[in-house]
Amino acid sequence: MNSKEKILEVIYEKYNEYTKKENFFCYKGCSLCCTQNVVISEVEGDVIYNFIIKNQEVSWLAEKLMAKKQAKPLSLTTNGFARKCLEQTADEEENDEALVYGKCPFLDKSICTIYPVRPFSCRSFYSQENCAKHNTAIINEEHLVINTVTQQIIEHLSQNGYWGIMLDVLLAMIEKKENGEKIKQLIPREIVKKAQKDILIAEPIPGFLLKPEETECVFNFLQTIMVEKIGPRTIEEILNCKQTE
Ligand code: SF4
């Protein structure tokens, strides 16, 4: 595990601790939020790849990636949108969700087959009430802010790497992977090229978009992550350097 992956593990752990204090309606086997709209940063893609390559055949992964439905490409990353807001050049439409309406191919009989390494987007899909009844997740404002801030940190950790719809990022990463050759033989090249065209490049954090009353809870949550050490340095020290690995 490299240092980026170790930091990601700490972020997941601290987020898990944060969410424990809340009550959610969510239960094992409910997969209403498991669509192909999940976005990831490259570091999350690395962790997913490592898990799949250890536990599954390459053909299994190829089959899942080939199940990708056509999506409207995203125009900004989370940090890209924050940057534009801070520059006051953001256009509401630029932060539109990708329009994909397929079930996530990693779902099998309503259970996630990559659950231990599911990306942050999936970890943050929570609802305090029945989504089916409300047609949307119900979540408090503080939790939403923590979700966005955490997404921003994970993107920062992946800066200059790929960012986008999970299946696009995984497809695009094939060429960087040791066993990419094997998978490439199973996936038409134009599908990989299209995914590479549709993804974005992860950006560093330009700042957080917080209301004054949100600052304290975000600071307290961030502190739980930043003080942790990976080797001799704290995560804060590592993230403040341009090179994380
Ligand atoms: S990766 Fe797992 S948790 Fe995330 S959307 Fe797919 S099936 Fe659901």
Side-chain angles (χ1 to χ4, degrees), residues 5 8-9 11-13 15-16 18-20 22 24-74 77-78 97-128 130-132 134-139 143-144 146-148 150-151 153-155 157-158 161-174 177 183 187 191 195 198-199 202:
E5 290 165 9
L8 184 66
E9 198 171 68
I11 294 171
Y12 285 166
E13 185 192 309
Y15 181 77
N16 199 25
Y18 170 82
T19 54
K20 270 191 188 146
E22 295 185 48
F24 296 107
F25 183 85
C26 312
Y27 56 91
K28 188 173 180 179
C30 173
S31 55
L32 281 178
C33 56
C34 292
T35 71
Q36 292 192 12
N37 279 345
V38 170
V39 294
I40 66 169
S41 295
E42 190 167 328
V43 62
E44 296 172 284
D46 273 324
V47 172
I48 294 169
Y49 254 110
N50 296 344
F51 178 84
I52 292 177
I53 294 308
K54 226 195 236 163
N55 296 290
Q56 297 283 357
E57 296 293 327
V58 163
S59 56
W60 183 90
L61 175 59
E63 184 199 308
K64 301 296 174 200
L65 297 182
M66 295 272 282
K68 183 186 170 291
K69 301 252 186 290
Q70 192 58 41
K72 176 184 152 206
L74 293 162
T77 68
T78 311
E97 281 208 350
L99 300 174
V100 200
Y101 297 110
K103 271 280 167 197
C104 175
F106 293 124
L107 198 61
D108 185 18
K109 299 185 185 77
S110 294
I111 300 290
C112 175
T113 50
I114 59 164
Y115 192 79
V117 292
R118 68 202 186 285
F120 179 73
S121 291
C122 307
R123 292 166 199 261
S124 63
F125 287 157
Y126 276 117
S127 182
Q128 282 151 338
N130 187 350
C131 309
H134 295 275
N135 219 14
T136 185
I138 307 290
I139 191 163
H143 195 124
L144 270 182
I146 295 292
N147 285 353
T148 306
T150 309
Q151 279 286 16
I153 299 171
I154 296 172
E155 182 184 338
L157 185 62
S158 274
Y162 296 149
W163 186 98
I165 298 281
M166 173 166 64
L167 298 177
D168 279 334
V169 172
L170 295 177
L171 278 163
M173 286 174 70
I174 286 174
K177 292 288 157 191
I183 310 175
I187 298 179
I191 294 184
D198 287 350
I199 50 173

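Whatever order the structure lists ligands and atoms in, that order sets their numbers, starting from 1. Just so it is clear, the model here is predicted, and its values are computed rather than measured. Nothing fancy with the numbering, it's 1 onward along the sequence.
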Plane angle bin for Phe120 and Tyr12 - parallel if under 30°, tilted between 30 and 60°, otherwise perpendicular: parallel

Atoms of ligand 1 close to Val38 [distance to a heavy atom under 4.0 angstrom, numbered from 1]: 5 (S)

Flag for Thr78-Gln151: side-chain donor and acceptor within less than 3.5 Å: no

Over 12 foreign heavy atoms within 6.0 Å of CD, Glu57: no

Approximate separation, where rounding is to 0.5 Å, of Arg123 CZ and Thr150 OG1: 12.0 Å

Atom 2 (Fe) of ligand 1: the protein heavy-atom neighbour that sits closest, reported with distance to 0.1 Å: Cys112 SG, 2.3 Å

Passing candidate, side chain to side chain contact (heavy atoms under 4.5 Å, CB included) with Ile191, options Leu65, Leu167, Leu171: Leu171

Residue Ile114 vicinity, atoms of ligand 1 by number, heavy atom under 4.0 Å: 1 (S)

Shortest protein contact, atom 6 (Fe) of ligand 1 (heavy atom only): Cys104 SG, 2.4 Å

Atom indices of ligand 1, in the order listed, that fall short of 4.0 Å to a heavy atom of Cys34: 3 (S), 5 (S), 7 (S), 8 (Fe)

N, O or S from Cys122 under 2.8 Å to atom 2 (Fe) of ligand 1: no

